[in-house]
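Values reported hereafter were calculated over all heavy atoms of this structure, with side chains retained and with hydrogens, waters and symmetry mates removed. Atoms within each ligand, like the ligands themselves, are counted from 1 in listed order.
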Amino acid sequence: MDLQARFFCGRIEGLEFLFQGANLEDFGGTMKFGFFDDKEREYVINEPLTPYPWINYLGNEKFFSLISNTAGGYAFYTDARLRRLTRYRYNDIPLDCNGRYFFIKDGDAIWNPGFKPMKTKLDKYECRHGFGYTKIASEKNGLAADVLYMVPNGENCEVEMVTLTNKGKSDKDISLVSFIEWCLYNGQTDGENFQRNLSTGEVEIEGSVIYHKTEYRERRNHFAFYSVNSPIDGFDTDRETFLGLHNSLDEANVILSGKSGNSVADGWSPIASHRLNCTLKAGESKTYVFILGYIENPEDKKFISEKDVKQPFKATNKYSGIVNKEKAYALQEKFSTKEKVEAAYNALRSFWDETLSHFAISTGDEKLDRMAVWNQYQCVVTYNFARSASYFESGIGRGLGFRDTSQDMLGAAHQLPSKRIRERLYDVAATQFEDGSAYHQFQPLTKRGNADIGSNFNDDPLWLVLGVGNYIRETGDKDFLKVEVPFDNSETNKATMFEHLKRSYNYIPNHMGPHGLPLIGRADWNDCLNLNCFSKDPNDSFQTCTNKEGKNAESVMIAQMFVYVTPDYAAMCRIMGDEAEAKKAEDLCKKMEAAICSAGWDGDWYIRAYDDFGHKIGSKECDDGKIFIETQGFGTMAQCGADKGYPAKALDSVKKYLDSKYGICIVDPPYSSYHVELGEVSSYPPGYKENGGIFCHNNPWVIIGEIKTGRPNDAWEHYKKIAPAYLEEISEIHRTEPYVYAQMIAGKTAGRFGEAKNSWLTGTAAWNFVALSQFICGLQPAYEGLRIEPRLPEHVKKAEMTRKFRGVTYHINVVNKKNDGKIVISVDKGNAKIDGTLVSAENGCSEVFLTATVG
Ligand code: BGC
Ligand code: NOJ
């Protein structure tokens, strides 16, 4: 389809179609908006009006940006709430219309390389989302604009390199105008405290650089800047001057008139805009480098005196001091030329190549191979943000979750430097209380537990055991267990990481209910199963209100998690020489499994929970909510009641009641009305979110359960239903990015079955990585070495896998014969000890070649 037709399809027919509910057949075939460039490892979007903004993340340490395929989004330093640098209006009309925009005026044509906000029809449009960078390339009337956006590794800035090329036959007089809108640092108050905000904005303009210095006084030691490496022909820092009070971004005064206002913001809404006029001869190119930077100054070096200002200078407020810009100059210098930017870009690409090389597969199924790459990328993003900032998470609502972050480590520990995993696990454990419970969330900047949400999610402690166990299995770094970690961030109250795990683990047996199952507290993994909430007030938040003391309601899922983590816990006890604790745990685990098999089994599947009255949840006895996925997933991962054949039965029930063509729904039938004793789960419309959506996060639990139950082909059927690369062709239905998982796909009872929401920041990333790498591909880090037990789908007869593990590169050649689970490993080259399916390199050997024959 040509570009013009695609615009129409997206804008007119497409919208109608979206309102009527999705049906691919009506659209006569595939509806792709781009393709995977596997060689470049980029997703290439060739239609700006994607079914939803398709975004990417820039930055990997402290400075981060979200960028959509039309250059929308925002930047922040470490914390999307406390240090937001540029503004973004969630829920805006139209959607996604604030970002870093370049306006090009070429004769009468005014356009943006990213299509928005002008939405001028382009002759060519392409957006390439790569790892840590995005490139947008467009053309209009023989003028090409290529823009590279990236956050260089280790730097606190977003670099934007714009190259304009005159592909026509005559000279062109062009103007290029940049635009960003500053956020007054606190993303939350910026959107609510207008009586203050509208009077505080301050800027300085020095040469070609615009500095944002709102509140840079006694309490704020940081400022931001937006620079360009060329003299400018005008600038603006006042939004109203730039736009005109009643105009939107596609009718900005400064853009339409072709004249910048040279405005100096004074309160209201400060922005940064540069104007560059240039003449391009036929065939000529020009490159500009823009930098959006963040600087912190020491208390005693914040200001300089007026006589030290060298360049043309303007500032908002003559009473506030002049910003000391030394560090900003140094940062500007680092990327002052095209060559320097290209070097940083190459370094960034090498960084990602290395990062993603720790697990690599070639199976002959191109979509599967793609998933391996993109899934790992998404795991790094969830490591960085947990659930804090995406196009569905405002960046002000949630910091980092205790449970979320602990499990995100499952997808990150194999690829990021161990220092970063240790640091994050340390931060999580430091928000734990002495009794083993924990703050449910904490802020990334302050690392303090979030008192608003508080504690009492009784599953939280166990995720830490899982996260630490996985880290130690991956790295062999046993000393981490001996590191001293604070409770509740108190430097005077510390205990070893092992002691933290002990408190975590024992929190469960210390909080048991009437059926010998763990008490649920405010909720377990399912944040919406609020069994002690009993809320009748629409002004209550389900997440924070608890009206019952919580002495009755129990979670079968926590019981199964307890069984699942016990082997890890016992192994760590033994590493620490605590045999008594290991034995005690194994005994408790047996008892727990017995309780699951009696009080937690419903005949054909595992029960979900008991409510405050002792009634079953997720049982045949219920009218709605008869079966939940979580306990079928964790129950089969933990193989509870395996001797009685429970896992296979439970998995059959999943297929019968929960499965659908777009994935496994979380509960069936969904609740059709509100149940005061169940809370938020029953407040969602049937088919959405926790009330019957396809909650992608727990699909991999079933996948893992299937493999543990010896059914790799069933695992595969579940895997490919939600893996985004397999959904690319139904992008009109799925709507979110085909390169990352979403938290939820509307379930079979929903009006918009198959439509995804909340892409990027979800535990789905880490868990599907576990399902893929450790179970489908079967490469499991174990305490004593690497376990190799591939359970690939039938159609993959041969595969090559590479796994870097504890400094050794393992190359594994898999021959999948009958796929019957009988696995024989042999060494082709290198030195390794083999014990069944457990392999470990020996005698300092750093590269081992193996063959794994299955069946
Ligand atoms: C959502 C959950 C989420 C929770 C905490 C609920 O409304 O449905 O998915 O985890 O809020 O923010
Ligand atoms: C999203 C939360 O971030 C996660 O912690 C939770 O488990 C799921 N929602 C399910 O409620």
Discussion item. Here's a test for you: under side-chain contact (heavy atoms from CB on, under 4.5 Å), which of T631, I617, I520 qualifies with S555?
Written reply: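 Output: one option passes, namely I520.
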
Practice prompt. Give a yes/no on ligand 1: does R387 have at least one heavy atom closer than 4.0 angstrom to it?
Written response: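 Flag not set, R387 not near ligand 1.
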
Practice prompt. May I ask you to check whether W525 has an N/O atom sitting below 3.5 Å from an N/O atom of ligand 2?
Written response: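 So ligand 2 has an N or O lying under 3.5 Å from an N or O of W525.
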
Discussion item. If I apply the N/O under 3.5 Å rule, does D527 come out as touching ligand 2?
Written reply: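 In this structure, D527 places an N or O atom under 3.5 Å from an N or O of ligand 2.
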
Pair [X] + [Y], salt bridge at N-O below 4.0 Å:
X	Y	value
R473	D568	yes
D527	R403	yes
D659	K721	yes
D524	R608	yes
D79	R84	no
K548	D611	no

Enumerate the atoms of ligand 1 whose separation from the nearest heavy atom of [X] is less than 4.0 angstrom.
X	value
K689	1 (C), 2 (C), 8 (O), 9 (O)
E680	6 (C), 7 (O), 8 (O)
D527	3 (C), 4 (C), 5 (C), 10 (O)
Q743	9 (O)

Would you mind listing which atoms of ligand 2 come within a distance below 4.0 Å of any non-hydrogen atom of [X]?
X	answer
E690	9 (N), 10 (C), 11 (O)
N526	11 (O)
R403	4 (C), 5 (O), 6 (C), 7 (O)

Discussion item. Below 4.0 Å, non-hydrogen atoms only: which portion of Y684 touches ligand 1? Side chain, backbone, both or neither.
Written reply: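 Under 4.0 Å from ligand 1, Y684 contributes side-chain atoms alone.
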
Worksheet item: At a non-hydrogen distance cut-off of under 4.0 Å, which region of R398 contacts ligand 1 (side chain, backbone, both, or neither)?
Response: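 Looking at R398 and ligand 1, just side chain atoms fall under 4.0 Å.
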
Item to complete: Tell me, please: is Q743 in heavy-atom contact with ligand 2, that is, under 4.0 Å?
Response: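 Yes; Q743 lies near enough to ligand 2 that a heavy-atom distance drops under 4.0 Å.
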
Discussion item. Which residue in the set R420, R387, R424 passes salt bridge (charged side-chain N to carboxylate O under 4.0 Å, His left out) when paired with D408?
Written reply: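 Running salt bridge (charged side-chain N to carboxylate O under 4.0 Å, His left out) over R420, R387, R424 with D408 returns exactly one hit, R387.
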
In the protein, what heavy atom is nearest to [atom], and what distance, to one decimal place, separates them?
atom	answer
atom 3 (O) of ligand 2	R398 NH1, 2.8 Å
atom 4 (C) of ligand 2	D404 OD1, 3.3 Å
atom 9 (O) of ligand 1	E690 OE2, 2.7 Å

Discussion item. As a quick check of understanding, evaluate side-chain hydrogen bond (donor to acceptor under 3.5 Å, both in side chains) for T546 and N532, giving each step before the final call.
Written reply: CA-CA 6 Å; T546 313; N532 294 303; over 6 Å; no

Item to complete: Out of Q543, H697, E393, R403, indicate the one that has the non-hydrogen atom closest to atom 11 (O) of ligand 1.
Response: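 That would be Q543.
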
Worksheet item: Taking it one step at a time, do R87 and D190 satisfy salt bridge (Lys or Arg N to Asp or Glu O under 4.0 Å)?
Response: CA-CA 9 Å; R87 263 192 194 151; D190 189 66; 2.8 Å; yes

Worksheet item: Of W525, Y606, F562, W701, which is the lone residue that meets ring pair (Phe, Tyr, Trp, His ring centres under 6.0 Å) with F634?
Response: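 Output: one option passes, namely W701.
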
